[in-house]
Amino acid sequence: MSTLPTRLLVLWCPDWPAVAAVAAGGVAVTRPAAVFLANRVVACTAVARARGVRRGMRRREAESRCPELAVFGADDGRDARLFEAVARAVEELVVGLEVVRPGLIAVPVSGAAGYFGGEIRLAEKLLDQVAAEAGVECQVGVAEGLFAATIAARHGEFVEHGEAAAFLAPLPVAELDQPGSDRAELVGLLTRLGLRTLGAFAALTERDVLARFAFDGVLAHRLARGLSERPPLRRRPPPELSLTESFDPVLERVDVAAFVAQSIGVRFHAGLAERGLACTRLGIYAITESGEQLGRVWRCAEPLTPQGVSDRVRWQFEGWLRAAPGSRPTSGVARLTLEPQETVEGRSLQLGLWRGGNPAAGPDEDEELTLERAGRAFVRVQGLLGPEGVVTPLLDGGRDPAGRVRLVPWGDARDPVSPPDAPMLAPPTPPREGWSHDNGPTAWGEALGATWPGRLPTPSPATVLVRPLPAEVVDAEGQLVGLTAHRRLTASPSRLSILGEPSRMVLDWSRVWPMTRVANRAPGPPRARVQMLIAGAPDEPPEAVLLLCAGIENPLWTVEGVYD
């Protein structure tokens with residue numbers, strides 16, 4: 001349990017999503033650029049940081065600080081495709097490299113360091129190789145374990161043997177929240193408890209951590225102590241866990257490969273789950289129609305979910321099929337093999353991994369998993385269409401049904417915000433002559449309890465029309481029904497015609513709902529809403545509609561909504 005993890009060299013390309021976006025977009029490297037996801041900065045170039053742009057910043061604020069900022073959407077496929085050139089450059093010097101994510105590569109350091117004359121000499125060779133072959137600047141770090149080595153790469157450190165825990169101890173506990181780890185909530189809790197450094201967290205006993213922070217806290221506690229996230233599992237996965245798929249016709253297009261990756265990822269994960277296992281190192285191997293052999297290993301800090309497997313297969317196909325001329329295969333992929341090179345047992349899995357396939361999971365767990373998947377899907381759609389591409393409705397302040405609904409981009413705060421010119425209640429004054437409780441909720445006795453005078457009562461219409469339909473309301477004599485100066489109907493409605501269609505009988509109608517409470521201060525013609533119940537078509541039930549009437553002479557009627 002206390003055995004030190006494998007010593008790794010990690011090669012890190014800072015701000016890789018922004019670097020890849022700039023390269024793909026043909027933007028000058030001297031121009032500030034940033035990548036946005038859900039309307040927030042996820043990566044930016046050094047030039048943009050010098051102008052005040054930071055990760056997590058909203059797009060509006062980033063562009064206000066740096067008006068010349070080049071804006072790009074997040075694209076995992078683009079990042080993986082361009083990073084393949086970096087992986088190939090590293091692979092020319094060392095074997096056994098593992099792609100953690102686009103922008104981050106880990107390699108076992110022992111054999112390569114001995115061949116090149118030491119770790120520092122190996123690092124120098126890799127830096128020169130990547131700069132010459134891929135034209136990318138990067139940093140390297142060496143330490144025991146992927147977590148410590150990744151942080152060492154960000155600091156450009158070579159941690160001595162057995163000193164990973166001492167290296168991590170003074171660092172802030174926020175380092176635990178690495179991309180893809182989803183530990184923001186745990187980091188926030190540790191900070192509030194006064195455990196602000198990794199050393200302070202590591203000083204706790206594992207028993208106390210398990211009692212207070214559950215299993216996820218134990219995994220993070222192991223990282224803070226300089227150990228592997230999970231105890232080492234040395235047994236080789238049995239061959240039957242591998243999944244091989246042949247294609248006829250061969251795969252030559254990334255969109256087809258992405259579709260295939262979805263089903264392959266689900267089947268591969270299901271095969272492991274049946275044996276209580278999950279994959280933490282995934283080998284992706286392919287044979288082309290002309291016999292070329294391709295391969296890449298992806299290392300994962302977290303056990304792979306079905307979507308995680310599918311994503312990595314798709315990213316790898318992006319790198320193979322869309323590589324620069326001379327580096328891509330000469331023909332399509334005829335056979336694909338997924339091989340679990342490292343697995344963990346079911347008891348080592350985090351709850352979020354096996355919850356979805358656990359038949360004992362309760363409805364609350366299934367609902368939580370569904371919402372989590374939906375949230376990831378919404379974020380990906382926003383990456384394609386922009387932040388306004390996915391919105392959710394929010395009930396807000398207002399008088400009419402359409403005005404009370406505000407569309408909020410996914411990921412933004414869903415806090416009700418009433419318009420700044422929201423009308424306030426007037427001081428008590430006697431009701432003006434002609435008003436009575438029959439005039440609706442804006443009459444004297446009922447208006448004092450309303451924040452929005454004239455607001456319709458519940459229930460709201462089931463359908464609110466974006467474009468109100470013109471209508472005509474007549475009385476029993478065939479004369480147009482309108483409003484008086486005191487917002488009363490001039491006559492009892494008898495028939496209603498919508499869009500010039502044959503009129504229908506008005507079976508019943510509600511009181512009048514004036515648009516303003518203080519009638520003698522209302523500008524323009526009087527306006528009011530009326531709910532009407534009209535006869536349906538033959539063999540159809542009656543229908544309830546919401547109408548707006550404006551004007552005294554030649555009144556204009558429109559249908560604003562329909563009730564169920």
Side-chain angles (χ1 to χ4, degrees), residues 391 393-407 434-443 446-447 450 452-517 519-520 522-564:
V391 295
L394 175 67
L395 197 61
D396 214 333
R399 292 189 181 90
D400 60 280
R404 296 187 64 195
V405 177
R406 183 163 57 90
L407 299 180
W435 280 40
S436 69
H437 289 283
D438 292 335
N439 292 114
T442 57
E446 299 176 61
W452 290 89
R455 190 177 70 179
L456 289 172
T458 56
S460 297
T463 303
V464 178
L465 304 178
V466 178
R467 296 182 178 179
L469 304 177
E472 185 178 75
V473 179
V474 298
D475 59 14
E477 304 296 330
Q479 301 296 318
L480 288 175
V481 176
L483 294 175
T484 68
H486 302 309
R487 290 161 176 74
R488 284 180 168 179
L489 295 179
T490 56
S492 297
S494 177
R495 303 192 70 84
L496 168 66
S497 174
I498 304 174
L499 285 175
E501 295 180 352
S503 62
R504 297 155 68 178
M505 181 178 298
V506 177
L507 304 178
D508 200 358
W509 65 94
S510 70
R511 61 179 69 179
V512 177
W513 305 88
M515 295 290 289
T516 57
R517 186 172 73 87
N520 58 346
R527 298 189 303 162
R529 290 188 174 88
V530 182
Q531 298 156 320
M532 291 189 182
L533 183 67
I534 57 177
D539 300 327
E540 293 291 335
E543 184 178 10
V545 295
L546 175 66
L547 297 103
L548 172 67
C549 180
I552 299 176
E553 298 180 359
N554 299 320
L556 299 177
W557 288 87
T558 55
V559 178
E560 292 191 321
V562 179
Y563 295 88
D564 279 343

Enquirer: Minimum heavy-atom separation for Pro468 to Thr558, with atom names?
Expert: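 Of all heavy-atom pairs spanning Pro468 and Thr558, the closest is CB-CB, 3.9 Å.
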Enquirer: Quick one, Trp557 and Val481 - any side-chain contact, counting heavy atoms below 4.5 Å?
Expert: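 Result yes, sub-4.5 Å side-chain heavy-atom pair found.
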Enquirer: What are the two closest non-hydrogen atoms of Arg504 and Glu543, and how far apart are they?
Expert: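 Looking at all heavy atoms of both residues, the shortest contact is NH2-OE1, 3.1 Å.
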Enquirer: If I take atom CG from residue Leu496 and atom CG from residue Leu533, how far apart are they, to the nearest 0.5 angstrom?
Expert: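 Here the rounded value is 11.0 Å.
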Enquirer: Would you call Met532 and Val473 a side-chain contact if the rule is heavy atoms closer than 4.5 Å?
Expert: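 Met532 vs Val473: side chains touch.
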Enquirer: So, for Cys549 and Gly482, which heavy atoms are closest and what is the spacing to 0.1 Å?
Expert: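 Taking every non-hydrogen atom into account, SG-CA, 4.3 Å.
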Enquirer: Side chains of Leu489 and Leu483, heavy atoms from C-beta outward: is any pair under 4.5 Å?
Expert: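 Side chain of Leu489 against side chain of Leu483, heavy atoms only: contact under 4.5 Å found.
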Enquirer: Mind jotting down which residue pairs meet the salt bridge (charged side-chain N to carboxylate O under 4.0 Å, His left out) criterion with at least one end in residues 463-485? Sequence neighbours excluded, please.
Expert: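 Found none.
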Enquirer: Check Gln531 against Leu546 and note the closest heavy-atom contact, atom names and distance.
Expert: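 Reported closest heavy-atom pair: CG-CD1, 3.9 Å.
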Enquirer: Atom CG in Leu469, atom CG in Leu499: separation rounded to 0.5 Å?
Expert: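 Those atoms lie 4.5 Å apart.
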Enquirer: Do Pro393 and Leu407 have side chains that approach each other closer than 4.5 Å (heavy atoms only, starting at C-beta)?
Expert: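 With C-beta onward as the side chain, the pair touches.
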Enquirer: Of all the heavy-atom pairs spanning Val559 and Ala471, show the shortest one and how long it is.
Expert: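 Looking at all heavy atoms of both residues, the shortest contact is CG2-CB, 4.0 Å.
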Enquirer: Quick one: closest heavy-atom pair of Val512 and Arg487, and the distance?
Expert: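 Of all heavy-atom pairs spanning Val512 and Arg487, the closest is CG1-O, 3.4 Å.
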